[in-house]
Asks: 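Questions regarding the structure given below will be posed in turn.
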Amino acid sequence: MMDASDILALCKRRGFIWPAFEIYGGVAGMYDYGPLGIAMKNNIIDIWRKAYTLGEGFIEIDGPTIGPEIVFKASGHVDAFSDSIVSCTKCKESFRADHLAKGLHSNPDSLSNEELSKLLRENGVRCPECGGDLTDVEDFNLMFKTTIGPGAGRVGYLRPETAQGIFVDYLHLYRFVREKLPFGVIQIGRGYRNEISPRQGIIRLREFNMMEAELFVDPENKSWPRFDKIKNEKMKLVPNNGDEIEITVGEAVERRMIGNATLAYFMYFTQEFLKTVGIDPNRLRFRQHLQTEMAHYASDCWDAEVLLSYGWTEVVGIADRGCWDLSRHIEYSNADLTAFKKYEEPVEIEREVIKPKYELLGPKFKGKSAKIGKALEEIDPSKIKNGNITIDVDGEKITVGSEFFEIVRIKEKVTGRKIVPHVIEPSHGLDRIFYACLEHAYTQKSDGYVVLRLKPAVAPIKVGVFPLMVKDGLDVRAAEIDERIRMSGIASYYDDSGSIGRRYARMDEIGTPWCITVDYETLKDGTVTIRDRDTTRQVRIHQERIIPTINSLLCGTPFSALEQ
RNA sequence: GCGGCUGUAGUCUAGUGGUUAGGACUGGAGCUUCCCAAGCUUCAAACCCGGGUUCGAAUCCCGGCAGCCGCACCA
C-alpha cells in the first residue's frame, strides 16, 4: 500500500514540494512549493476564496506577518503560547513547571520564572521520573520573536495566526460592511510557530500557510441566513462525550451537539469545500475538542479531520472564539470595537443627573475646575452623601458641597446599545489540505503505475498536448494547439519526448486530467484525440472544439458525455 | 528537547580502510516508433556537512544537519 514516503518522493521528484535550504542540509519544518505545487496550491486558494467571497459575501484583507508585542499580549499568545519548562539534569526529561507546582501555590501561572524556580526548590520538588535534580525554570515560547526598527527597537513577533490582523482592523471592517452584523472577513497568508519537533513532511511546519475566516455575529442571535437551505444535509461528527455519528446539520444544532447554527453552517460549508478540492468524504469527520484541549480563546471547537497515512489529522479548526479577541483588544487599545444593536423601538428613559455649576466651580477650584465638573457629570446621583460628593481627580480626593451642583431629571431616547460581537472562526491549514488532496488522489496499480486522480479544478496542469510522432509536421501542429490552449487561459503542457505511453504516464503521475494527441488523421480532417486520465478512454474531437470542450469538462461535464 | 535507527546521482540500490564508486529506473540529445512506462546509440548526474584517527576514509570515531520511529509537547 501507499504510504507518506511514496507521496513525498513523488512530490520531490516531480516538483510539488521540496525541502527548503536543502543544499545547506535543510531546516526541519520548512518546505518550498515547486512549480506544480504552487500551481495546485493556488487552485485550492482560488476555490476557497471564491466560495467565501462570491458565495457567502465575505470580504478579504491582507495584513503584515509581523506585529508589535502589544497585539499578541492582547490576543493572549505571549502568555498562552509560552510554557515554563524545567528539565531533569539526570534523565533529561522536560516538564511543565506550572504542573509540578500545582498544590504548592494557589495560582502557579501568575509567578515569574524566578519565583517558580524558588518555589520548586524550597519545596524540594524533584524529577517525577527518576528523582533527579531539576534545572531552573525556563521560558519556551512558540512564537518567533524579532525586533521592529533599528537598535533595541520594538519587540515584535511573527504572527502565529492571521486572525489577529483581522481583529485589529475591526473598526475599518465594521464601517466597510456599513455597520451590520453578521459579516465575515477572510485572510490568506503565512503563520509562524517555532514547533519543538516538526515531523511528518508538511503536516507540521514552522512556517505555514493558512486560510482563515472570521465571522462577526450577534451573540444573542448566532444564526446564519442560509442555514435553512442546508439543515437536512449530513455530517459525520465525533462529539467530545460520545461516539461517531452521522447526523443532519439541523438535528446536531437542535440536540445542542453543536453550539449554534453559524458554527454548524460553516462546518457543513467546510465539508463541501473539502470535497470540492478532492478530499474523500469517507475519510473526513468532525471531532469536537475536549474541554482541556481547547485554545485559550475558544468556547467550542470542532476540527475537520481527514484520514491520512499519519492517522486522523486536523486540517480545519472551526472555533467559537466568543468575545475573547475583541474584548481583549478593547481592553488593551481602548478602541471601541463594538457593534451597535438597535432596539426595535427606541426606548425613552428618565434619569437624574448631576449638573455642575461651572460658574461657582471656577472661582473656587481654578485650574482643576474643568476636570472636577467633568467628573461630577459622570457620577451617579446616588453617590451623594449628606449633600456632599467626593470625587477622584488625578488621584486626589476632592469633596464638593451641594452648592456647586444641582440634580436635574432628563429624558433620554435610547435607540439601541453597543455589543461586542462574537467570532466564529473556520481556520484552514492550507499545507495540510494540499497534502491531503495528494494522498487521497494517489492510486497505484500492482505494476507500480501511479495515477494522481486530482480533481480537475486543483490539478496543476489541465491538458497534456502530444504529437503522436515527432515528424511529418505533427509536432508543429501539436505545438500550435498547445499554445492556443495556454493563450485561452488553460494550463497545458507540450511533450514530444519518448513514446506516447511514457508521455501519458508522466501526465497521469502529476494528475493531469486530459491529454490531447495530434495524429495523422489530424492532418486529414483536423480532429484530435482527447484522453481521460481516470478511464484512459479516448474520443476524437475537432481541433476547433478543444478549448470549449476542456472548459466544459472543467465545469463538471463528465467525460462520458463526449462519447455520444 | 530526549532516546533508538538511518543518510551513496532526481529515485532505488552495490560497494566492511587502497574501486576510473558499479547497476537499474528517471532525465537530456539522437535514431526508431501510427496511441498507453517498448527498443537501440549516446550524454549528464552521487558518497549529507564539519572535524578527528590513518600513509590512505563512502567505509572507523566525534560533532552538526536532515529523515524515520518512540517519548515529551501541541493553539
Side-chain angles (χ1 to χ4, degrees), chain A residues 3-6 8-15 18-30 34 72 75-77 79-83 85-88 90-96 99 128-129 135 138 140-143 160-161 163-164 191 193-201 203-204 210 289 292-298 301 303 310 314 317 319 321 324 425 427 429 445 447-451 464 466-472 474 496-509 515-523 528-533 535-538 540:
Chain A
D3 67 34
S5 57
D6 293 334
L8 289 172
L10 171 68
C11 283
K12 194 174 163 188
R13 190 157 37 85
R14 302 306 307 269
W18 294 313
F21 315 113
E22 203 180 12
I23 63 166
Y24 290 108
V27 176
M30 295 190 183
F72 301 108
S75 73
H77 288 96
D79 294 323
F81 254 40
S82 169
D83 291 332
I85 295 217
V86 284
S87 36
C88 172
K90 209 165 120 198
C91 71
K92 307 292 182 195
E93 284 287 345
S94 293
F95 305 95
R96 290 272 298 271
H99 289 181
E129 288 294 316
T135 60
E138 285 176 357
F140 186 81
N141 193 297
L142 261 54
M143 281 194 295
E161 56 172 12
Q164 296 308 322
R193 297 178 187 182
N194 202 359
E195 296 288 349
I196 296 173
S197 131
R199 291 267 174 90
Q200 301 171 319
I203 296 303
R204 181 171 299 182
M210 285 181 283
H289 276 206
T292 52
E293 189 182 4
M294 217 90 76
H296 61 274
Y297 49 69
C301 184
D303 283 349
Y310 302 115
E314 172 194 355
R321 298 176 73 126
W324 164 267
E425 176 197 71
S427 172
K445 294 183 190 151
D447 59 357
Y449 191 97
V450 170
V451 182
F466 319 139
L468 185 59
M469 296 292 144
V470 196
K471 60 182 182 188
D472 304 325
L474 295 181
D496 63 12
S497 147
S499 71
I500 191 80
R502 178 175 300 282
R503 288 177 250 159
Y504 287 140
R506 284 192 194 106
M507 289 294 113
D508 287 344
E509 198 184 22
C515 292
I516 283 170
T517 301
V518 170
D519 57 19
Y520 286 93
E521 283 187 54
T522 312
L523 301 182
V528 296
T529 63
I530 175 164
R531 166 194 183 265
D532 181 52
R533 175 194 68 201
T535 59
T536 75
R537 297 176 76 96
Q538 284 180 308
R540 292 204 80 86

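The sequence lines fix the lettering, A, B, ..., with proteins before strands; numbering per chain opens at 1. These numbers come from the heavy atoms of this one structure, side chains and all, not from hydrogens, waters or symmetry mates.
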Asks: Picking from A:Arg502, A:Arg503, A:Arg531, what satisfies salt bridge (Lys or Arg N to Asp or Glu O under 4.0 Å) with A:Asp508?
Replies: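 When A:Arg502, A:Arg503, A:Arg531 are each tested with A:Asp508, the salt bridge (Lys or Arg N to Asp or Glu O under 4.0 Å) holds only for A:Arg531.
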Asks: At under 4.0 Å, does any side-chain N or O of A:Lys471 touch on OP1 or OP2 of B:U33?
Replies: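 Result: yes.
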Asks: Which base, if any, makes a Watson-Crick or G-U wobble pair with B:U59, both distances under 3.5 Å?
Replies: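 Looking at the geometry, B:U59 pairs with no nucleotide.
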Asks: To the nearest Å, give me how far apart CZ (A:Phe21) and C1' (B:A66) are.
Replies: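 Result: 14 Å.
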Asks: Say you pick atom P in B:A57 and the same atom in B:C47; how far apart are they, in whole Å?
Replies: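 Straight-line distance between the two P atoms is 16 Å.
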Asks: May I ask you to say what A:Glu509 touches in the nucleic acid, namely base, sugar-phosphate or nothing, with a heavy-atom cut-off under 4.0 Å?
Replies: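 The residue A:Glu509 makes no contact with any strand.
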Asks: What's A:Ala9 touching, base or sugar-phosphate or nothing? Going by heavy atoms closer than 4.0 Å.
Replies: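 No contact at all - A:Ala9 keeps every heavy atom at 4.0 Å or more from the nucleic acid.
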Asks: Quantified in whole Å, what is the P atom distance between nucleotide B:G30 and nucleotide B:G17?
Replies: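 One P to the other, the span is 46 Å.
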Asks: Which nucleotide, if any, forms a Watson-Crick or G-U wobble pair with B:U54, using both distances under 3.5 Å?
Replies: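 Matched B:U54 with nothing under the 3.5 Å cut-off.
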Asks: Remember a base hit wins even if backbone is also touched, and classify A:Gln200 as base, sugar-phosphate or nothing at under 4.0 Å, heavy atoms.
Replies: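 Sugar-phosphate contact only - A:Gln200 comes under 4.0 Å of backbone atoms but never of a base.
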Asks: Please assess A:Arg193 against A:Arg204 for the test side chain to side chain contact (heavy atoms under 4.5 Å, CB included), listing each intermediate value before the final yes or no.
Replies: CA-CA 9 Å; A:Arg193 297 178 187 182; A:Arg204 181 171 299 182; over 6 Å; no
Asks: Measure from the side-chain heavy atoms of A:Arg13 and tell me the nearest of B:A37, B:G67, B:U11.
Replies: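 Per side-chain heavy atoms of A:Arg13, the pick is B:U11.
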Asks: Got A:Arg540 and A:Thr522 here, is their nearest side-chain heavy-atom distance under 4.5 Å?
Replies: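 Side chain of A:Arg540 against side chain of A:Thr522, heavy atoms only: contact under 4.5 Å found.
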Asks: Give A:Arg531 one of three labels, base, sugar-phosphate or nothing, depending on what nucleic acid heavy atoms sit under 4.0 Å from its own.
Replies: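 Counting heavy atoms under 4.0 Å across all strands, the contact made by A:Arg531 includes a base.
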Asks: Given the P atoms of B:C48 and B:U42, what is the spacing between them in whole Å?
Replies: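 Approximately 30 Å lies between the P atom of B:C48 and that of B:U42.
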Asks: Under a 3.5 Å cut-off for both distances, is B:A21 Watson-Crick or wobble paired, and to whom?
Replies: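 Check on B:A21: unpaired, no WC or wobble geometry under 3.5 Å.
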Asks: Determine the Euclidean distance between corresponding P atoms of B:C73 and B:C5; express it in Å to zero decimal places.
Replies: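 Approximately 24 Å lies between the P atom of B:C5 and that of B:C73.
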Asks: Check every atom of B:C35, B:C34, B:U26 against the side chain of A:Tyr520 and return the nucleotide holding the closest atom.
Replies: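 So the nucleotide nearest the side chain must be B:C34.
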Asks: From CZ of A:Arg503 over to C1' of B:A38, roughly how many Å is that when rounded to an integer?
Replies: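 Atom-to-atom, A:Arg503 to B:A38, this comes out as 13 Å.
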Asks: For atom P, what is the distance between B:A24 and B:C61, given to the nearest Å?
Replies: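 Comparing P positions in B:A24 and B:C61 gives a spacing of 32 Å.
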Asks: Base, sugar-phosphate, or nothing: which does A:Val450 touch, judged by heavy atoms less than 4.0 Å apart?
Replies: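 Contact class for A:Val450: base.
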Asks: Name the nucleic acid region contacted by A:Thr529, choosing base, sugar-phosphate or nothing; use a 4.0 angstrom heavy-atom cut-off, strictly under.
Replies: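 Base: the residue A:Thr529, judged by heavy atoms under 4.0 Å, touches a nucleobase.
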Asks: Applying a 3.5 Å limit to both distances, which nucleotide forms a Watson-Crick or G-U wobble pair with B:A45?
Replies: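 For B:A45, the partner nucleotide comes out as none, under the 3.5 Å rule.
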Asks: What does B:A72 pair with, Watson-Crick or G-U, if both distances are under 3.5 Å?
Replies: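 Partner of B:A72: none.
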Asks: Got a second to check how far A:Arg533's CZ is from A:Met507's CE, nearest 0.5 Å?
Replies: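 Going from CZ on A:Arg533 over to CE on A:Met507, the span is 12.0 Å.
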Asks: Going by modelled atom types, is there a donor-acceptor pair between the base of B:C35 and the side chain of A:Asp519 at under 3.5 Å?
Replies: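 Per atom types, the contact qualifies.
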Asks: Please measure how far the P atom in B:C68 lies from the corresponding atom in B:U11, and state the result in whole Å.
Replies: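 Their P atoms lie roughly 15 Å apart.
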Asks: Please measure how far the P atom in B:G7 lies from the corresponding atom in B:C12, and state the result in whole Å.
Replies: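 Taking atom P in both B:G7 and B:C12, they lie 12 Å apart.
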Asks: Considering only the P atoms, how many Å lie between B:A44 and B:A29, rounded to the nearest integer?
Replies: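 Here B:A44 and B:A29 have their P atoms 15 Å from each other.
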Asks: Which heavy-atom pair separates A:Cys515 from A:Tyr504 by the least distance, and what is that distance?
Replies: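 It is CB-CE2, 3.6 Å.
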Asks: Would you compute the distance between atom OG of A:Ser5 and atom NZ of A:Lys12 and round it to the nearest 0.5 angstrom?
Replies: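 Reported value, rounded in 0.5 Å steps: 12.0 Å.
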Asks: Using whole Å, what does the distance between atom P of nucleotide B:G67 and atom CH2 of A:Trp18 come to?
Replies: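 So the CH2-P distance, A:Trp18 to B:G67, works out to 18 Å.
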Asks: More 5' along RNA chain B: A:Met469 or A:Tyr310, using each one's nearest nucleotide?
Replies: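 The residue mapped nearer the 5' terminus is A:Met469.
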Asks: Using a 4.0 Å heavy-atom cut-off across all strands, classify A:Arg14 as base, sugar-phosphate, or nothing.
Replies: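 It contacts nothing in the nucleic acid.
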Asks: Counting only distance, no hydrogens or angles, is the base of B:C65 paired donor-acceptor with the side chain of A:Tyr24 under 3.5 Å?
Replies: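 No, the side chain and the base share no sub-3.5 Å donor-acceptor pair.
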Asks: Answer yes or no: does atom CZ of A:Arg537 have more than 12 heavy-atom neighbours from other residues, nucleotides or ligands under 6.0 Å?
Replies: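 No, not enclosed.
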Asks: Could you identify the nucleotide paired to B:A66, looking across every strand shown and requiring Watson-Crick or G-U wobble geometry with both distances under 3.5 Å?
Replies: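 The answer is B:U6, by the H-bond criterion.
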Asks: Report the distance from atom CG of A:Leu142 to atom C1' of B:A72, rounded to the nearest whole Å.
Replies: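 Result: 13 Å.
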Asks: Give a yes/no answer on whether the side chain of A:Ser499 brings an N or O atom under 4.0 Å of OP1 or OP2 in B:A38.
Replies: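 So the side chain of A:Ser499 is within the cut-off, an N or O lying under 4.0 Å from OP1 or OP2 of B:A38.
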Asks: With a 3.5 angstrom cut-off on both distances, give the Watson-Crick or G-U wobble partner of B:C34, or none if there isn't one.
Replies: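 Base-paired to nothing in any strand shown.
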Asks: Can you measure A:Glu22 atom CD to B:G10 atom C1' for me and round it to whole angstrom units?
Replies: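 About 10 Å, once rounded to whole Å.
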Asks: For A:Asp303 and B:C74, what is the distance between atoms CG and C1' respectively, to the nearest whole Å?
Replies: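 Nearest whole value for this atom pair: 12 Å.
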Asks: Are A:Lys12 and B:G10 close enough that a side-chain N or O sits under 4.0 Å from OP1 or OP2?
Replies: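 Looking at the OP1 and OP2 atoms of B:G10, neither is under 4.0 Å from any side-chain N or O of A:Lys12.
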Asks: Taking 4.0 Å as the cut-off, does a side-chain nitrogen or oxygen of A:Arg502 come that near to OP1 or OP2 on B:U26?
Replies: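 Yes, because at least one side-chain N or O of A:Arg502 sits under 4.0 Å from OP1 or OP2 of B:U26.
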Asks: Under 4.0 Å, counting only non-hydrogen atoms across every strand here, what does A:Val470 touch: a base, just sugar-phosphate, or nothing?
Replies: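 Contact class for A:Val470: base.
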Asks: With a 4.0 Å cut-off on heavy atoms, is A:Gly201 in touch with a base, just the backbone sugar-phosphate, or nothing at all?
Replies: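 Counting heavy atoms under 4.0 Å across all strands, the contact made by A:Gly201 is with sugar-phosphate only.
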Asks: To the nearest 0.5 Å, what is the distance between CD1 (A:Ile500) and CG (A:Asp519)?
Replies: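 It comes to 9.0 Å.
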Asks: Rounded to whole Å, how long is the line connecting atom OH of A:Tyr449 with atom P of B:A38?
Replies: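 The distance from OH of A:Tyr449 to P of B:A38 comes to 10 Å, rounded to the nearest Å.
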Asks: Of all the nucleotides listed (B:G27, B:G67, B:C74), which has the minimum atom distance to the side chain of A:Arg204?
Replies: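 Closest nucleotide to the A:Arg204 side chain: B:C74.
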Asks: When all nucleic acid strands are considered with a 4.0 Å heavy-atom cut-off, which category describes A:Lys445: base, sugar-phosphate, or nothing?
Replies: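 Nothing: the residue A:Lys445, judged by heavy atoms under 4.0 Å, touches no strand.
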Asks: To the nearest Å, give me how far apart CG (A:Asn194) and P (B:C74) are.
Replies: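 Result: 15 Å.
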Asks: Does any N or O in the side chain of A:Asp472 come within less than 3.5 Å of the main-chain N or O of A:Leu474, such that one atom is a donor and the other an acceptor?
Replies: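 Flag not set: sc A:Asp472 to bb A:Leu474 has no pair under 3.5 Å.
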Asks: So which one's nearest nucleotide on RNA chain B is more toward 5', A:Tyr504 or A:Glu314?
Replies: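 First, find each residue's nearest nucleotide; the 5'-ward one identifies A:Tyr504.
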